[in-house]
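Notes to accompany the following structure.
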Amino acid sequence: MRKRLLGNLFGGSATEKGPLLSEVELEEVGRALEREAGRRLGRSLSIREVDAGSCNACELEIHALNNPYYDIERFGIRFVASPRHADVLLVTGPVTKNMREALERTFRATPNPKWVVAVGDCACTGGIFADSYACVGSVSEVLPVDLRISGCPPRPIELLRGLLALLEKNASWKP
Ligand code: SF4
């Protein structure tokens with residue numbers, strides 16, 4: 001017991017180091033997004049996030065975009081509480097049978113023109129939950145999808161690169 005305690009105290013970190021991200025790269029992608037949003041919309045980009053049945057790890061990466069490090073509001077990108085104020089629906093998870101109607105109603109409540117982005121392997125293909133009796137499947141089984149961002153989960157910088165690809169009119173983004 002004593003040995004283990006000392007090992008835990010002085011044995012160094014047991015967790016993996018996070019991936020390195022260059023602040024220059026973040027600034028470049030963010031500013032490019034800001035420019036493209038201005039060009040396509042004439043204003044900031046508004047996003048409504050919908051968890052259609054994810055394990056929530058995709059949400060953790062999406063939430064990170066609002067933390068003081070990524071701070072995406074400085075690039076004029078914001079998450080909104082109502083689909084009526086959104087340009088983009090960011091959808092995570094395989095669509096569960098229980099969430100299908102809510103997702104469809106959210107889509108109908110979002111004004112045109114609008115984009116649907118499937119975030120994470122589950123949203124893109126059904127992922128590890130594809131064969132579950134509780135799931136309808138990928139987001140494209142329910143809604144027209146404009147962009148797929150794969151990953152399990154995709155990192156915040158990949159989400160930004162994906163949004164940039166969306167505004168630049170590429171159909172998919174694979175990290
Ligand atoms: S893609 Fe991975 S992280 Fe995202 S909801 Fe599916 S299992 Fe979870």
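It should be emphasised that the depicted structure is a prediction, and the values quoted were computed from it without experimental measurement. For ligands, and for the atoms within them, numbers begin at 1 and follow the listed sequence. Positions are given from 1, in the same order as the sequence printed here.
A distance-only check finds no donor-acceptor pair linking the side chain of Asp121 to the backbone of Cys124 [under 3.5 Å]. Looking only at distances, a side-chain donor or acceptor of Asp87 sits under 3.5 Å from a matching main-chain atom of Ser46.
Applying the salt bridge (Lys or Arg N to Asp or Glu O under 4.0 Å) test to residues at least two apart or on different chains, the pairs with a partner in residues 48-71 are Asp71-Arg74. Applying the side-chain hydrogen bond (donor to acceptor under 3.5 Å, both in side chains) rule to pairs touching residues 127-145 yields Ser138-Ser140, sequence neighbours excluded.
Heavy-atom contacts of Gly151 reach the following atoms of ligand 1: 1 (S) (cutoff under 4.0 Å).
Salt bridge absent: Glu36 and Arg40 never bring a charged side-chain N and a carboxylate O closer than 4.0 Å.
For atom 6 (Fe) of ligand 1, the set of protein N/O/S atoms nearer than 2.8 Å consists of Cys122 SG, ordered by chain and number.
With sequence neighbours excluded, the residues satisfying side chain to side chain contact (heavy atoms under 4.5 Å, CB included) with Lys114 are Phe107, Thr110, Asn112.
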